[in-house]
Every structure is written in C-alpha cells, then in structure tokens.
J.: 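First the structure, then my questions, so here it is.
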Amino acid sequence: MSMQNKRDFLDLRDFTRAELLRLVQRAIELKNGFPQIGAEKPLAGRVVGLMFEKPSTRTRVSFEVGVHQLGGHAIFLNWRDIQIGRGEPIEDTARVLSRYLDAIVIRTYGHDVLTQFAKWSTAPIINGLSDFLHPCQVLGDLMTLKEKGVDITSMRAAWIGDGNNVANSWITAAEILGFQLTLACPEGYDPGVEYDPTFVKVTRDPREAVKDADVINTDVWTSMGQEEEACARKEIFCGFQVSADLLKPASPTVYVMHCLPAHRGEEITDEVMESYHSLIWDQAENRLHIQKAILEELLKP
Ligand code: CP
Ligand code: NVA
C-alpha cells in the first residue's frame, strides 16, 4: 500500500536519539498495558508481510504476535517459496508487494538487499536482521535495560566475541545515545562498522572489556551463513566465553545479555545463562513490545 513520506527502519540511525528513547518508553508502556492501550488497534485492516531468507524463532513469532495484538494481519513469506527465490528482481518484488502490504519485515543476508528493497517499496521496510545490522534486537535490549533501571544514556557496556551484526547495532546505539561500549574481539573479527573512539573501544582482552561494566553482551561465534567456518571459529574464540569467572571484574550487579539462539558451553556457560545476572528471557519477550512500538510509529496515519 502506498504511504506518503514512508519511513523505513533498517538501522537505528533511521530514528533520532529522541525518537529512539520515545520508542523505548512506549514499548514499556505497551508491556505494562497502560489504560486503554489494549483497546487501541492501530493496525486494524493493515497487513504486514514477513519475508525471511534465514531461519528465525523470536523475530518471526514476536512480529506475527505483535501485528495480531495491534489488530493487523501478518503474512509469512518464505524466501524460497516466492519468486524472488528464483531470481525475480528486488525492484520488481518490492514494487509488487508494496501494492498489497502495509509494511514488510525482511530477514536476509546482504544489507544491500534491504536498502534496495526500501528504495523500491512504497511500504515501510523493517530490518529483521541482515549480515550487517540487527536494530530491532538492540532496541529491545535497550528497553530491557531501561526497565531494569539502567541509565541507557550513560551506562558502561561490554561486548564479548564476534564483531557481528548485533555488535554493529550496539555500536550504533552507543554513538547515538552516548554510552560507553568496549568490545573484546579476536584479531580479524572486529566489528564491520566504523566507530567513534569517544564512545567505542575495541580490545583483544575480554577481562579489560568487562571491567566495571554494567552490562555484558555476547552472541554466537558463528552467525547464520558462516556455518562452514564453525570449526575454525570455535578455536579462535575459545578465550571469549562469558563465564562466572569473566564476570568477576565487572560490577557485582552486572547484567548479562544474549540475543539467542545460544550455543551453551561455547560463547556463554549454562551457569551464567541461568544466573540472576541473566536478562536473556526478558530480552526475548521484549522483542514483542519494542516491535509493536516500531510498527505503531511507522504505520501511524
Ligand atoms: N534474536 C533473534 O533475532 O532470534 P531469531 O533468530 O530466533 O529471530
Ligand atoms: N549473529 C546472529 C544473530 C542471530 C539472531 C546471526 O546473525 O546468526
């Protein structure tokens, strides 16, 4: 469906700092069911497509449920089952689908697929993860920290492991909101975004990264699409596990986050995942609430 001045959400930078903080606040309100919120159906009569080229549990289900709760209807489109999987051009697919759909959530490999799609689509495009960024995840993570009382504009955050898509979105968040982020990555696995050293540092030493941290983040050593590197990566990343021992130099009340799915015993131990430090299950739930806030914003009349 055509929308004038449509906005996409491919990158946290698509919103201003004030808008990101407002979305986080709105998601907390939606979660807490402020009076009348349940009665509002801002997506009534709207249809949202979910076009996925990679597997997903959380993103797919939380978007489908979120669209339903807002009064809309979601259609899941497996990449392999539609003509784009047989080579129909992005510009054709985008123009056709946006004549039917009011918004499209896309999970794909190359970030350029998303930017191309957004260029040709008249409906808002939402990044449901690319090889480069995962903005819905990180905005949900920020909401999770805020609801625990962490000041997300002045916290000290650590990232342990691969400088991957989720790490890149954490870097963007640090630069927009102004918090300190130190990433510990093995040589050759630094983040793929340029970063501002005022807010972001990269070290090879996980203990240095977690020193006095309020929150420690990690993610799989092998992301989707890198499966043939998994054996080599296990060796390269073995000193980058989030374990009870690694938590010692951090704040005693440090929170631990993981976007999931986790490889228990690799990037994170069972003990830490199940400890009182872990925000992992709240993070997963909050994908639902933050994405409802994002949909509400992008589809407002
Ligand atoms: N964290 C996350 O995006 O999970 P899924 O791959 O299950 O969607
Ligand atoms: N970095 C991971 C995140 C999964 C949600 C991947 O891209 O596979």
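Count residues from 1 along the sequence. When a ligand or atom number is given, it counts from 1 through the structure's own listing order.
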J.: Provide, to 0.1 Å, the distance between atom 7 (O) of ligand 2 and the closest protein heavy atom, together with that atom's residue and name.
T.: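 Atom 7 (O) of ligand 2 sits closest to the protein heavy atom Asn165 ND2, 2.9 Å.
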J.: Between Tyr189 and Phe240, is the ring centroid distance below 6.0 Å?
T.: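 Centroid distance Tyr189-Phe240: not below 6.0 Å, so no.
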J.: Which residues satisfy the ring pair (Phe, Tyr, Trp, His ring centres under 6.0 Å) test with Phe199, sequence neighbours excluded?
T.: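 Ring pair (Phe, Tyr, Trp, His ring centres under 6.0 Å) check on Phe199 returns nothing, list empty.
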J.: Could an N or O of ligand 1 be found under 3.5 Å from any N or O of Cys259, whether backbone or side chain?
T.: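 Checking ligand 1 against Cys259, an N or O pair does fall under 3.5 Å apart.
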J.: Could you tell me whether some N/O pair between His134 and ligand 2 is separated by less than 3.5 angstrom?
T.: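 In this structure, His134 places no N or O atom under 3.5 Å from an N or O of ligand 2.
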J.: Going by distance alone, is a donor N or O of one side chain under 3.5 Å from an acceptor N or O of the other, for Thr59 and Arg107?
T.: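 Judged by distance alone, the side chains do pair up.
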J.: Does this structure show an ion pair linking Lys146 with Asp151, if we count only N-O contacts that are shorter than 4.0 Å?
T.: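 Salt bridge between Lys146 and Asp151, a charged N being under 4.0 Å from a carboxylate O: no.
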J.: Checking contacts here: is it the side chain or the backbone of Arg287 that comes within 4.0 Å of ligand 1, counting heavy atoms only? Could be both or neither.
T.: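 Just the side chain.
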J.: Under 4.0 Å, heavy-atom basis, I'd like to know which part of Leu260 is in contact with ligand 2: side chain, backbone, both or neither.
T.: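 The answer is the backbone.
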J.: Among all the protein's non-hydrogen atoms, which is closest to atom 7 (O) of ligand 1, and how far away is it?
T.: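 Nearest protein contact, heavy atoms only, for atom 7 (O) of ligand 1 is Thr57 N, 2.7 Å.
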J.: Which atoms from ligand 2 have a heavy atom of Asn164 less than 4.0 Å away?
T.: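 Selected atoms, number and element: 1 (N).
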J.: Under the 6.0 Å and 45° cation-pi test, does Arg60 pair with Phe76?
T.: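 Judged by the rule, Arg60 and Phe76 form a cation-pi pair.
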J.: Report the part of Asp131 (side chain from C-beta onward, or backbone N, CA, C, O) that has a heavy atom under 4.0 Å from ligand 2; answer both or neither where that applies.
T.: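 For Asp131, there is no contact with ligand 2 at all, from either part.
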J.: May I ask you to check whether Met224 has an N/O atom sitting below 3.5 Å from an N/O atom of ligand 2?
T.: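 Yes, at least one N or O pair falls under 3.5 Å.
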J.: Quick check: Arg58 and ligand 1, any N/O pair under 3.5 Å apart?
T.: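 Yes - when backbone and side-chain N and O of Arg58 are compared with those of ligand 1, one distance drops under 3.5 Å.
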J.: Considering distance alone, does some N or O of Leu260 sit under 3.5 Å from an N or O of ligand 1?
T.: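 Leu260 vs ligand 1: N/O contact under 3.5 Å present.
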J.: Tell me: protein heavy atom nearest atom 6 (O) of ligand 1, and distance?
T.: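 Nearest protein contact, heavy atoms only, for atom 6 (O) of ligand 1 is Arg107 NH1, 2.8 Å.
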J.: Can you name the one residue among Gln283, His258, His134 that meets side-chain hydrogen bond (donor to acceptor under 3.5 Å, both in side chains) with Asp141?
T.: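 Answer after filtering Gln283, His258, His134: Gln283.
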J.: Knowing that exactly one of Asp282, Asp214, Thr253 qualifies, which makes a side-chain hydrogen bond (donor to acceptor under 3.5 Å, both in side chains) with Lys148?
T.: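 Answer after filtering Asp282, Asp214, Thr253: Asp282.
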J.: For ligand 2, which atoms have a heavy atom of Leu129 less than 4.0 angstrom away?
T.: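 Answer, ordered by atom number: 3 (C), 4 (C), 5 (C), 7 (O).
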J.: Identify, for atom 3 (C) of ligand 2, the protein heavy atom at the shortest distance, and state residue, atom and that distance.
T.: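 Answer for atom 3 (C) of ligand 2: Asp219 OD2, 3.6 Å.
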J.: Which one holds for Leu129 and ligand 1: side chain close, backbone close, both close, or neither close, with close meaning a heavy atom under 4.0 Å?
T.: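 For Leu129, no heavy atom sits under 4.0 Å from ligand 1.
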